A.B. asks: 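Pasting a structure below so you can have a look.
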2 protein chains.
Amino acid sequence: MPKSGYLAIKGYISNMIRSKEWPPGHLLPTETELAVQFNCARATVNRALGELAEEQIIDRRRKAGSRVRDGRERMANLKIQFPCREVEAIGKEHRYVALKREICALPMILQSSSEMGQSDQCLRTEGVHYAGDTPFQFEQSWFRRDAFPELFEAGGKVKAPCVTLLEKNPFYHGSLSISASKANHVEARHLGIKMGDPLINKEYILTDGHDGTPVAVMQIRYKPDYSISCIF
Amino acid sequence: MPKSGYLAIKGYISNMIRSKEWPPGHLLPTETELAVQFNCARATVNRALGELAEEQIIDRRRKAGSRVRDGRERMANLKIQFPCREVEAIGKEHRYVALKREICALPMILQSSSEMGQSDQCLRTEGVHYAGDTPFQFEQSWFRRDAFPELFEAGGKVKAPCVTLLEKNPFYHGSLSISASKANHVEARHLGIKMGDPLINKEYILTDGHDGTPVAVMQIRYKPDYSISCIF
DNA sequence: AAGTGGTCTAGACCACTTA
DNA sequence: AAGTGGTCTAGACCACTTA
């Protein structure tokens, strides 16, 4: 542990909390008091406490001071990787086999309440992502035409939709939902497993950067040997 | 968007990146240049860039400067909630029904290579967490005796192990792994579902705060209507 | 009204990395 | 050797929240 600097202060406070010397709810010394104790400027204490608040270890409020949080709710960092990227990450060659590609009406989840009309069109794709020669993910997706016009231009070989998406904008926002289901015969055939086997599913809902309306849904199904990991 | 302050600088840079005016790999102006541009102190720019680096939007290296990251790997915040807490969070009453409780040898994953001997003992528990009257989670766990002596004192009514854990230390670290499996007849009976139904599983491995060795494993199985969500 | 934290400034020194 | 970011200081003013 560093002997000086804001990390020393962070370490000191973390230890007091971990050792339960300062239990949840405990009121911490003020920034000024800690600055005296550590013989440093208040800005240094402020950085230490600010990071602890960011990490949800303490709660800070003006005038009320800083308190140790009830730590029963923690956060972990989960890596978000679209299918093409996930295959690359395990060091295998990514290959996409398109199965379906059709224009359809917007599914419920992509219908924005306000604007209706000609944008009311949607591309639905279905395909399998291979890691080398092994089927890895079965993908079924919907894309609003007004948000992704370039996906509708089917020029040449059909690329995986996520590849086109990431070329357009590598910084999408949205939500991820993880669930389990039983493989139906289509999913089982394309993933090379038995019907009724358990699947892990990720459902990404991508949102527009400006108004936050949903613009795409990607449903990705994985074989039961797949798992998702993170640390906390 | 704020017109001044470090948030204005963050917003400006975020916009340049989102609009692809500054594509991945692009070299940002130096802190000094941005301080001139925004007519502020370098410390203010430093805070803005520091937060963008924290959020993995940019990469920063001394002398090399700050660059826009390849955004294809994003991070999402996943809430970590132990079973008792998860039931409370949906507003239901938490009740734990213990099914098994036995001393056994350490499973592989809890064996620390270095220290062996009398601590070589483990508590294995099995139980069901109810949300109100509905079975919600089937839990199977292992705890090292040397790390959780208080769990071995079976005084009075048996509490859920996670409750005792959180009383001892609300700030555990460890890893979470999410997978899917088929319900066997024990799991199916206790969760009130059919054998062969798909389950979502969480496996928590808790580690010691000091040396990082694993001290407990909690395997939690959920019915297929359960899902895990996060935003990114 | 008074006590907190939030943010900013102008300057400083240094660590690290590249050339 | 030179340019960048990392961190710190001493001081300032303010916003917010409680009493």
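From a predicted model like this one, the values you see are computed outputs, not experimental measurements.
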A.B. asks: Do A:Tyr226 and A:Glu86 have a side chain donor and acceptor closer than 3.5 Å?
C.D. replies: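 Yes, side-chain donor-acceptor contact under 3.5 Å.
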A.B. asks: Does the side chain of B:Lys202 reach to within under 4.5 Å of the side chain of B:Ile80, using non-hydrogen atoms?
C.D. replies: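 No - every pair of side-chain heavy atoms lies 4.5 Å or more apart.
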A.B. asks: Round to a whole Å and report the spacing from CZ of A:Phe38 to C1' of D:dT9.
C.D. replies: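 After rounding, the gap between these two atoms is 17 Å.
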A.B. asks: Could you state the CD1-C1' distance from A:Ile58 to C:dT4, rounded to the nearest angstrom?
C.D. replies: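 Those two atoms, CD1 and C1', are 13 Å apart.
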A.B. asks: I want to check one thing: is the phosphate of C:dC8, taken as OP1 and OP2, less than 4.0 Å away from some side-chain N or O of B:Tyr6?
C.D. replies: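 So the side chain of B:Tyr6 is outside the cut-off, no N or O lying under 4.0 Å from OP1 or OP2 of C:dC8.
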A.B. asks: Does the side chain of A:Ser66 get closer than 4.0 angstrom to OP1 or OP2 of C:dG5 through an N or O atom?
C.D. replies: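 Looking at the OP1 and OP2 atoms of C:dG5, one of them is under 4.0 Å from a side-chain N or O of A:Ser66.
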A.B. asks: Could you give the NZ-to-C1' distance, from A:Lys63 to D:dA15, as a whole number of Å?
C.D. replies: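 Distance check: A:Lys63 NZ to D:dA15 C1' gives 14 Å.
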A.B. asks: Quick one: B:Leu27 CG to D:dG3 C1', roughly how many Å, whole number?
C.D. replies: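 Going from CG in B:Leu27 over to C1' in D:dG3 covers 12 Å.
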A.B. asks: Give the rounded distance in Å between these two atoms: NZ of B:Lys10 and C1' of C:dT7.
C.D. replies: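 Atom NZ in B:Lys10 sits about 14 Å away from atom C1' in C:dT7.
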A.B. asks: Starting from P on C:dA15, measure out to CZ on B:Arg62 and report it in whole angstrom.
C.D. replies: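 Atom-to-atom, B:Arg62 to C:dA15, this comes out as 9 Å.
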A.B. asks: Taking side chain as C-beta onward, heavy atoms only, is B:Met218 less than 4.5 Å from B:Glu139?
C.D. replies: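 Yes; the side chains approach each other to less than 4.5 Å.
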A.B. asks: Could you state the interatomic distance from OG1 (B:Thr164) to CZ (B:Phe143), rounded to the nearest 0.5 Å?
C.D. replies: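 Rounded to the nearest 0.5 Å, the OG1-CZ separation comes to 8.5 Å.
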A.B. asks: Verify the ring-centre separation between A:His129 and A:Tyr96: is it less than 6.0 angstrom?
C.D. replies: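 Yes, the ring of A:Tyr96 comes within the 6.0 Å limit of the ring of A:His129, centre to centre.
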A.B. asks: Is the B:Tyr172-A:Phe232 ring centre distance short of 6.0 angstrom?
C.D. replies: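 Judged by ring-centre distance (under 6.0 Å), B:Tyr172 and A:Phe232 do not meet the cut-off.
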A.B. asks: Return the stems involving DNA chain D, sorted by first number, where pairs are Watson-Crick (N1-N3 with N6-O4 or O6-N4) or G-U wobble (N1-O2 and O6-N3), both under 3.5 Å, and runs are 3 or more long.
C.D. replies: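 For DNA chain D the paired stretches long enough to count as stems (3 pairs minimum) are C:1-18 with D:1-18.
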A.B. asks: Could you give the CD-to-P distance, from A:Glu33 to C:dG3, as a whole number of Å?
C.D. replies: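 Whole-Å distance recorded here is 12 Å.
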A.B. asks: What about the rings of B:Phe82 and B:Tyr204, do their centers lie closer together than 6.0 Å?
C.D. replies: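 Centroid distance B:Phe82-B:Tyr204: below 6.0 Å, so yes.
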A.B. asks: Are B:Lys92 and B:Glu88 ion-paired here, with the side-chain N under 4.0 Å from a carboxylate O?
C.D. replies: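 Salt bridge flag = no for B:Glu88 with B:Lys92.
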A.B. asks: Give the residues of residues 41-52 of chain A touching DNA chain C, defined as any heavy atom closer than 4.0 Å, sorted by residue number.
C.D. replies: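 The answer is A:Arg42, A:Asn46.
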A.B. asks: Looking only at the aromatic ring of each residue, does the gap between the centers of A:Tyr222 and A:Phe138 stay below 6.0 angstrom?
C.D. replies: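 No, too far apart.
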A.B. asks: For A:Glu31 and C:dG3, what is the distance between atoms CD and C1' respectively, to the nearest whole Å?
C.D. replies: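 Going from A:Glu31 (CD) to C:dG3 (C1'), I get 12 Å.
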